[in-house]
Amino acid sequence: MTEQVLTRLDEAAGILTITLNRPESKNSVTEQAARLLKEAIADAEFDSKVRVVIVTGAGNSFCSGGNFKGFGAIDEGNSVAVRHSKEPLWNEIEYKSRRFFHGFEGPLLLHTMGKPTIALMRGAAVGAGVGLAASCDFRFVSESAYFLPG
């Protein structure tokens, strides 16, 4: 399985590039990808080597929003989810959606970060992808980029 979120730091320039790496799904965000994105952004905020954060997507799309195909699936990396996965209430649709959106805190962290943030975009920015792009200070878009709010 490939990493869902990649990070690359150009130390000489102080530029951290965070790449959503699910090109087969136009970089839709799973619960695991949301958690990894949040961790990468939180780490960047306090890393003195990082002066600028760029968020982009692998392949031909920026981010096609939430991955509802695997909606509410248990993220094996989340010990709380694994511990409660057999509880009937935990698996109800309301709780699945709350878990998904609670975990997607990356845009808020980008928006409040004290460092410049840039969305480098091509292709689709749909739903949560629009929010992710809007949370950045700057957006650089190719001619193929388009926005489709949720």
Side-chain angles (χ1 to χ4, degrees), residues 1-9 15-47 50 52-141 144-150:
M1 183 170 161
T2 62
E3 280 293 318
Q4 294 189 36
V5 175
L6 303 174
T7 58
R8 183 176 46 85
L9 175 61
I15 299 172
L16 176 70
T17 302
I18 301 172
T19 304
L20 296 173
N21 189 35
R22 299 189 71 240
E24 71 284 352
S25 68
K26 298 185 187 278
N27 301 311
S28 65
V29 179
T30 63
E31 285 184 68
Q32 180 184 22
R35 181 175 45 80
L36 294 170
L37 179 65
K38 175 179 123 178
E39 289 171 4
I41 295 166
D43 289 347
E45 183 172 15
F46 297 106
D47 186 340
V50 176
V52 175
V53 176
I54 295 174
V55 179
T56 192
N60 296 322
S61 292
F62 178 68
C63 177
S64 65
N67 176 22
F68 293 105
K69 192 180 274 185
F71 186 69
I74 301 301
D75 174 4
E76 297 300 324
N78 182 337
S79 61
V80 173
V82 172
R83 187 171 66 237
H84 294 291
S85 63
K86 303 292 186 221
E87 297 290 333
L89 197 57
W90 184 262
N91 292 299
E92 294 296 325
I93 190 66
E94 294 86 4
Y95 284 89
K96 287 181 179 182
S97 61
R98 289 197 59 183
R99 287 197 321 268
F100 183 83
F101 291 110
H102 175 71
F104 197 57
E105 296 167 340
L108 177 62
L109 295 176
L110 278 172
H111 181 67
T112 59
M113 183 180 289
K115 299 176 182 183
T117 57
I118 300 168
L120 190 58
M121 305 173 64
R122 65 185 157 280
V126 179
V130 173
L132 185 59
S135 67
C136 290
D137 298 318
F138 303 98
R139 284 148 298 284
F140 291 94
V141 298
S144 70
Y146 63 93
F147 297 83
L148 186 62

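This structure is a prediction, so every number in the text was calculated from the model and none was measured. Hydrogens, waters and symmetry mates are skipped; everything else that's a heavy atom, side chains included, is used.
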Quiz item: Under a 4.5 Å cut-off applied to non-hydrogen side-chain atoms, are F62 and V55 in contact?
Solution: yes

Exercise. Hey, could you give me the CG/CE distance between L108 and M113, rounded to the nearest 0.5 Å?
Key: 11.0 Å

Practice problem: Scan T17, I54, T19 and name whichever one has a side-chain contact (heavy atoms from CB on, under 4.5 Å) with L120. | Solution: I54

Quiz prompt | Flag if over 12 foreign heavy atoms under 6.0 Å of CG, N60 | solution = no

Quiz item: Do L20 and V5 touch side chain to side chain, with heavy atoms closer than 4.5 Å?
Solution: yes

Self-check item: Closest approach of S135 to L132 (non-hydrogen atoms, all atoms of both residues)
Solution: OG-O, 2.7 Å

Quiz item: Of all heavy-atom pairs between A125 and V130, which one has the smallest distance, and what is that distance?
Solution: O-CG2, 3.1 Å

Quiz item: Sub-3.5 Å donor-acceptor pair from the side chain of K26 to the main-chain atoms of V126, do we have one?
Solution: no

Quiz item: NE2/H111 to CG/D137 distance, rounded to the nearest 0.5 angstrom?
Solution: 8.5 Å

Quiz item: Which residues satisfy the side chain to side chain contact (heavy atoms under 4.5 Å, CB included) test with S144, sequence neighbours excluded?
Solution: R122, S142

Quiz prompt | Distance, nearest 0.5 Å, that separates CG of D47 from CG of L9 | solution = 6.5 Å

Quiz item: Rounded to the nearest 0.5 Å, how far apart are CG of L37 and CG of L109?
Solution: 8.5 Å

Exercise. Please assess N27 against R22 for the test side-chain contact (heavy atoms from CB on, under 4.5 Å), listing each intermediate value before the final yes or no.
Key: CA-CA 4 Å; N27 301 311; R22 299 189 71 240; 4.1 Å; yes

Self-check item: Gap separating the CG atom of D43 from the OG1 atom of T7, nearest 0.5 angstrom
Solution: 8.5 Å

Practice problem: Not counting sequence neighbours, which residues clear side chain to side chain contact (heavy atoms under 4.5 Å, CB included) with E39? List them please. | Solution: R35, L36

Exercise. Taking all heavy atoms of A58 and all of N21, pick out the closest pair and write down the distance.
Key: CB-OD1, 3.5 Å

Quiz item: Just how far is it from atom CD of E24 to atom OG of S61, taken to the nearest 0.5 Å?
Solution: 11.0 Å

